[in-house]
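Count residues from 1 along the sequence.
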Amino acid sequence: MVNLHILLVLGISLYAYWMGIVSTFKVPKPTKTQAKWLDYEVGAIVHFNMQTFNRYMKPGHVVPVDTFNPEELSTDQWLEAAKSFGAKYILFSIDHFSGFLMWPTATDYKYSVKYTKWRDGKGNVLADFIKSCRKYGLEYGYFYSVHNNWYMGVDNYTTGVPATQEYYKKVVEEQMRELFNATSPYKDPFYIWFDAGIVPKVSPDIGPIIRELASNSICDECPTFSGNQGLHWVGNEKAFAPLPQWYAVPKGKCSEKTPDGKIIQGSPYGQLFCPANCDTVIREHFWFWQPDTEYSVKSVRRLLSEYLTSVGHGCTLILNLNPDTRGLVPEEDRKAYEKLGKAIALLYKDPVKKSFKPRLKIGKKKIWKFTAFRSLNGSVILMEDIERYGQLVMKYELKLKTKDGWISTPELGSTIGHKRIHPFPKDLANKTVSAVSLRINKLVTKRRSIVLREVSVYNWNEAAKPGKNLI
């Protein structure tokens with residue numbers, strides 16, 4: 001009886017503590033930059049560095065600078081490829097493992113475009129990239145590896161030698177100031193991504209530099225210094241966001257891993273807004289171009305599926321571009337990008353019903369009727385007003401009406417976030433659909449109603465037709 005009494009008291013105490021969190025919880029909201037990033041939904045990343053020219057490069061085997069020689073390089077062509085699949089921003093790997101820099105750094109560092117025969121040492125890929133971004137109207141960002149630098153002998157943030165370790169830290173910190181200072185031609189990127197993150201007291205102390213000089217930039221994998229401008233990696237390279245997908249994280253832990261290296265996803269009661277990116281490759285599974293890998297270019301059906309498991313799960317899709325040794329996106333890849341862009345547009349071509357800013361009472365079903373149509377496929381899209389209210393929905397039920405009655409979506413509704421795309425259940429194939437119902441059952445707060453950003457129904461019949469068979 002004593003043990004039972006103790007358990008009962010503990011249970012009541014924990015319940016009271018939990019309810020206290022819920023009742024006093026202040027929902028974190030995005031900054032304008034984070035909200036813009038979520039609205040962009042699709043971005044691109046360019047992997048083009050020394051590994052493009054020598055795929056056998058590795059620690060202890062650093063190839064000469066003149067290995068880099070993209071005689072037909074066109075950053076305009078990269079941007080055209082990115083725009084073709086709907087990217088609104090694009091990142092560039094200005095330093096990735098090899099240590100080769102894509103701008104002519106003025107720091108005491110000899111492994112960059114400045115020391116190559118390409119364009120007589122006067123070339124600057126980063127400057128060309130930024131110019132192209134402005135020309136085509138895409139936001140630009142940088143992908144930079146701090147944890148590995150084969151040129152400096154850095155492996156997992158360390159050289160193993162005190163003297164070279166200090167040199168490595170000093171040079172990286174100087175390069176950060178060079179890139180982001182107020183007079184730099186490379187300043188004010190929309191997005192900065194430090195591959196594998198930054199480890200305080202181990203890696204170079206770049207956090208204070210970034211927050212001082214690039215305070216308006218989103219910072220990805222910046223666990224302790226992201227401030228309120230953070231993002232984190234979703235934890236896989238498959239453009240797949242696990243559900244539920246929460247944007248909030250514990251304060252000061254914008255990117256957190258378990259002891260075995262797995263990414264810890266967000267929490268409904270986190271104090272900091274830090275959503276995940278969902279990245280993937282165009283060639284399975286190559287980040288840098290390699291010869292004779294055309295067979296690995298993903299089909300448009302596969303790419304569209306990845307769009308639905310990333311953007312459709314409240315995440316943001318970042319798709320890779322891997323220019324070849326010419327400095328151009330290969331034709332096979334360009335065709336795949338264009339097909340993806342057209343396929344995504346097809347998902348939004350035939351709206352059946354759109355409801356903006358609907359108010360729903362918690363626990364009460366709301367029904368939207370529309371002109372009935374015979375469905376090969378379709379979708380219901382739910383959007384929360386994240387910028388105004390933060391992420392609130394924890395549990396919901398979504399159903400569609402046919403002549404045979406109401407059919408539930410196969411997945412129990414959990415999070416919505418920026419956007420949740422529900423493809424029609426297979427049970428709806430070739431049936432007439434005439435209405436959709438939504439019941440929000442639980443929020444992270446004790447509010448009794450919620451205003452969503454949008455509830456929409458789309459007809460996907462054209463995308464599902466034999467011959468196209470995209471869905």
Side-chain angles (χ1 to χ4, degrees), residues 41 238-246 278 299-315 317 340 343-356 358 360 362-384 393-442 450 452-471:
E41 297 187 349
K238 301 175 182 178
F240 178 80
L243 294 171
Q245 183 61 215
W246 289 104
C278 290
S299 68
V300 65
R301 183 181 174 89
R302 168 78 178 276
L303 291 167
L304 193 60
S305 174
E306 292 175 340
Y307 172 86
L308 293 175
T309 59
S310 54
V311 175
H313 285 191
C315 199
L317 171 64
L340 174 60
I344 293 172
L346 206 55
L347 301 185
Y348 299 93
K349 180 183 176 184
D350 295 318
V352 175
K353 183 73 175 181
K354 285 191 174 186
S355 176
F356 299 104
L360 285 81
I362 307 309
K364 187 173 181 179
K365 180 169 64 176
K366 190 175 181 70
I367 297 175
W368 290 268
K369 297 178 181 179
F370 45 81
T371 303
F373 70 100
R374 190 175 183 84
S375 166
L376 295 175
N377 208 327
S379 70
V380 180
I381 294 181
L382 310 176
M383 299 180 73
E384 286 189 69
V393 178
M394 294 186 78
K395 189 183 293 185
Y396 62 92
E397 294 176 49
L398 182 65
K399 297 181 179 182
L400 292 115
K401 188 178 182 181
T402 72
K403 289 182 179 179
D404 301 324
W406 289 92
I407 295 177
S408 298
T409 52
E411 302 162 333
L412 181 65
S414 55
T415 50
I416 294 175
H418 167 72
K419 177 178 280 189
R420 180 73 177 92
I421 303 176
H422 281 277
F424 282 3
K426 291 182 179 179
D427 294 347
L428 280 179
N430 292 310
K431 291 188 177 182
T432 300
V433 185
S434 59
V436 61
S437 75
L438 176 64
R439 180 166 64 192
I440 306 293
N441 292 322
K442 190 176 182 181
I450 181 174
L452 296 179
R453 182 173 174 178
E454 184 178 335
V455 174
S456 298
V457 180
Y458 286 87
N459 181 338
W460 283 358
N461 283 355
E462 189 172 344
K465 282 179 181 177
K468 286 189 175 168
N469 197 30
L470 298 173
I471 304 299

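For the pair Leu360/Leu438, a side-chain contact is recorded, criterion being any heavy-atom separation below 4.5 Å from C-beta on. In this structure the side chain of Ile367 never reaches within 4.5 angstrom of the side chain of Val436, judged on heavy atoms. Looking only at side-chain heavy atoms (C-beta outward), Val455 and Ile381 stay at 4.5 Å or farther from each other. Residues Thr409 and Val380 form no side-chain contact, since every pair of their non-hydrogen atoms from C-beta on lies 4.5 Å or further apart. Side-chain atoms of Ser375 and Thr432, non-hydrogen and from C-beta on, never get closer than 4.5 Å to each other. Looking at Val393 and Glu384, their side chains come closer than 4.5 Å, going by heavy atoms from C-beta outward. When side chains are defined from C-beta on, His418 does not count as touching Val311, because their heavy atoms never get closer than 4.5 Å. The closest side-chain heavy-atom distance from Leu428 to Pro425 is below 4.5 Å.
Less than 6.0 angstrom separates the ring centroid of Tyr396 from the ring centroid of His422.
Heavy atoms from other residues, nucleotides or ligands lying under 6.0 Å from NZ of Lys399 number 12 at most.
Separating the OG atom in Ser414 from the CZ atom in Arg420 is a distance of 6.5 Å, to the nearest 0.5 Å. A distance of 9.5 Å separates OG of Ser456 from OH of Tyr348, quoted to the nearest 0.5 Å. To the nearest 0.5 Å, the span separating CE on Met394 from CG on Asn441 amounts to 12.0 Å. The CD atom of Glu306 sits 7.5 Å away from atom CG of Leu317, with the distance rounded to the nearest 0.5 Å. To the nearest 0.5 angstrom, Glu397 atom CD is 8.0 Å from Ser437 atom OG. Rounding to the nearest 0.5 Å places CG of Leu347 at 8.0 Å from CG of Leu470.
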(request) Carefully, step by step, assess Val433 and Phe370 under the rule side-chain contact (heavy atoms from CB on, under 4.5 Å). (result) CA-CA 9 Å; Val433 185; Phe370 45 81; 3.8 Å; yes
(request) Any chance you could lay out the side-chain contact (heavy atoms from CB on, under 4.5 Å) test for Leu376 and Lys465, step after step, and finish with the verdict? (result) CA-CA 7 Å; Leu376 295 175; Lys465 282 179 181 177; 4.2 Å; yes
(request) Show the numbers, then the answer: is there a side-chain contact (heavy atoms from CB on, under 4.5 Å) between Lys468 and Leu346? (result) CA-CA 11 Å; Lys468 286 189 175 168; Leu346 206 55; 4.2 Å; yes
(message) If you apply the rule salt bridge (charged side-chain N to carboxylate O under 4.0 Å, His left out), what do you find for Glu41 with Lys419, and how did you get there?
(response) CA-CA 9 Å; Glu41 297 187 349; Lys419 177 178 280 189; 3.1 Å; yes
(request) Report the C-alpha separation of Phe424 and Asn459 in whole Å, then their side-chain angles, then the decisive distance to 0.1 Å, and conclude whether the side-chain contact (heavy atoms from CB on, under 4.5 Å) test is met. (result) CA-CA 10 Å; Phe424 282 3; Asn459 181 338; over 6 Å; no
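Although no hydrogens or angles enter the test, the distance criterion places no donor-acceptor pair under 3.5 Å between the side chain of Asp350 and the main chain of Asn461. A donor-acceptor pair is defined here as one N or O able to donate and one able to accept, closer than 3.5 Å; no such pair exists between the side chain of Arg439 and the backbone of Lys366. The closest donor-acceptor contact from the side chain of Thr415 to the backbone of Gln245 lies under 3.5 Å. Side chain of Glu454 to main chain of Met383: no donor-acceptor pair is present (N/O by atom type, distance under 3.5 Å, no hydrogens or angles). Under the 3.5 Å distance criterion, the side-chain polar atoms of Ser379 are left unmatched by any main-chain donor or acceptor of Val457. A side-chain donor-acceptor contact under 3.5 Å links Thr402 to the backbone of Asp404. Side chain of Ser355 to backbone of Pro358: no donor-acceptor contact under 3.5 angstrom is found.
Closest approach of Ala239 and Cys278 over heavy atoms only: CA-CB, 3.9 Å. Among all heavy-atom pairs drawn from Leu308 and Pro423, the shortest one is CD1-CG, 4.5 Å.
Of the candidates Phe240, Trp246, Tyr307, Phe240 is the only one forming a ring pair (Phe, Tyr, Trp, His ring centres under 6.0 Å) with His313.
Cation-pi geometry between Lys401 and Trp368 is not met at under 6.0 angstrom from the ring centre and within 45 degrees of the axis.
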